[in-house]
Amino acid sequence: MSRGGPGPEVHVPRGTSGVDPRAPDPLPGRSSKILGAGGRGPWVALGSTLIFFGLITLLVVSSPGWSKPGGVRDLFFDGALFRGSIWEILQGFVVNVEIFLIAEVLILILALFLAVLRSLPGAVSAPLRLLAIGYSIVFRAVPTILIIFLLGFGMPALELRGLPNGPNADIFWAIVALMLVYSAYVMEVYRAGIESVHPSQAAAARSLGLRRGQALRYVVLPQAVRRVIPPLLNDFIGLQKDSALVALLGVTEGLRQAQIEQATYFNFTPYMSLALVYLVLTLPQVLFVDWLIKRGVRRRAAGAVT
């Protein structure tokens, strides 16, 4: 073989997706670091985790204020009160579910519209871009609790025709407040996804005869939305937790029901019941987001190899 000439032909077996089995590992040392020598890594990780949390538990239960009458165990971990309050808290939590599900749909729509406005090119679109930027700045700067107070107490006081002023007005304005605040955050997530799509994608679509709006709709946005699904789910998890803020308007939801139980029995166990409900609801979503992120890393690594 002459110097600099072509090397020997590589025959890739079927079923390997075109990946040369002799190609270097795209993540060198990563597998060995995770699994450890001889595949003992997961067992070592499990054992160290159990020991760590076991020591923390031992530290808590052996503290002087844990088991004494009226101590932490009686005030926060009363088993009988937990069993008696959990079902009533779940009934109130249904209101939280309704609030953040409705708000989430509205947020996804409004945020995408604002992100498209901010990405419009040209001097003619400058007022729309400034409007979207101002919206993002204002509603990310003002605390969510203030927006809920201003809308929940201020708008019904105006007594405007066509707007809810009855018993369901609190829930309506709570949804509007969450929508306004979270749309500002989700808009930035959408914008990051749109800007991550290479300009050549839009240019190629334009060269095929698509108009600018069609290129954005059929080429740019599908790629952008697919890339930002994990951060969108993270915002959705945050929205679930912030739905508890509607209790400040007097809505009887999960947190308000826990407050009623706590004031009735002078015990903080209902708050632990509510925390467990949020944990059970949120944990699967957190694991799903982590799985999506790891899958994206694997796909990018496989694409780099191929």
Side-chain angles (χ1 to χ4, degrees), residues 46 49-50 53 56-57 60 75-111 143-145 147-148 152 168 170-186 189-190 225-226 228-265 267-296:
L46 177 61
T49 302
L50 292 176
F53 286 103
I56 293 179
T57 303
V60 172
L75 288 177
F76 288 88
F77 299 96
D78 188 318
L81 182 56
F82 178 87
R83 291 187 295 271
S85 62
I86 185 66
W87 299 114
E88 296 177 351
I89 290 175
L90 283 173
Q91 292 176 1
F93 190 74
V94 172
V95 179
N96 293 88
V97 175
E98 295 174 351
I99 289 174
F100 67 67
L101 286 179
I102 296 174
E104 180 66 17
V105 175
L106 299 175
I107 288 167
L108 291 174
I109 297 173
L110 178 60
T144 306
I145 189 173
I147 301 297
I148 291 178
N168 294 326
D170 293 337
I171 295 179
F172 174 81
W173 291 115
I175 293 175
V176 172
L178 292 174
M179 178 190 69
L180 293 177
V181 173
Y182 271 85
S183 294
Y185 291 98
V186 175
V189 174
Y190 276 134
V225 172
R226 186 168 58 250
V228 300
I229 286 178
L232 285 179
L233 291 177
N234 281 327
D235 285 332
F236 184 43
I237 293 173
L239 176 64
Q240 294 174 16
K241 295 183 294 183
D242 280 350
S243 67
L245 294 175
V246 304
L248 300 172
L249 300 180
V251 179
T252 305
E253 41 73 67
L255 179 59
R256 175 63 67 184
Q257 186 62 43
Q259 291 174 335
I260 294 173
E261 297 288 330
Q262 186 275 330
T264 302
Y265 299 101
N267 192 288
F268 297 101
T269 301
Y271 290 136
M272 303 303 296
S273 303
L274 180 61
L276 180 62
V277 172
Y278 273 106
L279 181 61
V280 171
L281 179 68
T282 303
L283 182 59
Q285 300 176 61
V286 173
L287 296 177
F288 181 62
V289 171
D290 291 341
W291 177 79
L292 287 177
I293 294 175
K294 292 178 181 178
R295 187 184 67 168

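Worth knowing before you read on, the calculation uses all heavy atoms, side chains too, and leaves out hydrogens, waters and symmetry mates. Given the structure is predicted, the values throughout are model-derived calculations rather than measurements.
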Contact summary for [X] and [Y], nearest pair of heavy atoms:
| X | Y | result |
| --- | --- | --- |
| Ala174 | Leu249 | CB-CD1, 4.2 Å |
| Ala177 | Ile148 | CB-CG1, 3.7 Å |
| Val289 | Pro230 | CG1-O, 4.0 Å |
| Val189 | Val228 | O-CG1, 3.4 Å |
| Pro270 | Ala258 | CB-O, 3.7 Å |
| Ala244 | Leu255 | O-CD2, 3.6 Å |

Contact between [X] and [Y] at the side-chain level, heavy atoms closer than 4.5 Å - yes or no?
| X | Y | answer |
| --- | --- | --- |
| Val105 | Leu101 | no |
| Leu106 | Leu110 | no |
| Val95 | Val251 | yes |
| Leu248 | Ile145 | yes |
| Val277 | Leu90 | yes |
| Phe93 | Gln257 | no |
| Tyr190 | Val225 | yes |
| Phe77 | Thr269 | no |

Side-chain donor-acceptor pair under 3.5 Å between Gln285 and Gln240, yes or no? yes
Could you verify whether a donor N or O on one side chain and an acceptor N or O on the other, from Asn96 and Ser243, lie under 3.5 Å apart? yes
Results of side chain to side chain contact (heavy atoms under 4.5 Å, CB included) for Val286 - residues two or more places apart only: Ile237, Thr282, Asp290
Set of side chain to side chain contact (heavy atoms under 4.5 Å, CB included) partners for Thr264, sequence neighbours left out: Ile260
Those residues at least two apart in sequence (or on a different chain) that pass ring-ring contact (aromatic ring centres under 6.0 Å, His included) with Tyr182 are none
When rounded to the nearest 0.5 angstrom, what distance separates [atom1] in [X] from [atom2] in [Y]?
| X | Y | atom1 | atom2 | answer |
| --- | --- | --- | --- | --- |
| Ile89 | Gln259 | CD1 | CD | 10.5 Å |
| Leu276 | Ile86 | CG | CD1 | 6.0 Å |
| Phe172 | Ile102 | CZ | CD1 | 11.0 Å |
| Glu253 | Arg256 | CD | CZ | 7.5 Å |
| Arg83 | Ser273 | CZ | OG | 10.5 Å |
| Met272 | Leu279 | CE | CG | 10.0 Å |

Would Leu232 and Val186 count as a side-chain contact (heavy atoms from CB on, under 4.5 Å) if you check the C-alpha gap in whole Å, the side-chain angles of each, and the deciding distance to 0.1 Å? CA-CA 7 Å; Leu232 285 179; Val186 175; 3.4 Å; yes
Chi angles and distances behind the side-chain contact (heavy atoms from CB on, under 4.5 Å) call for Leu178, Ile99: CA-CA 9 Å; Leu178 292 174; Ile99 289 174; 3.8 Å; yes
Do the rings of Phe236 and Phe100 sit parallel, tilted or perpendicular, given the 30° and 60° boundaries? perpendicular
Between Tyr185 and Ile107, is the side-chain contact (heavy atoms from CB on, under 4.5 Å) condition met? List the steps. CA-CA 10 Å; Tyr185 291 98; Ile107 288 167; over 6 Å; no
Within a radius of less than 6.0 Å around CZ of Phe82, do more than 12 heavy atoms belonging to other residues, nucleotides or ligands occur? yes
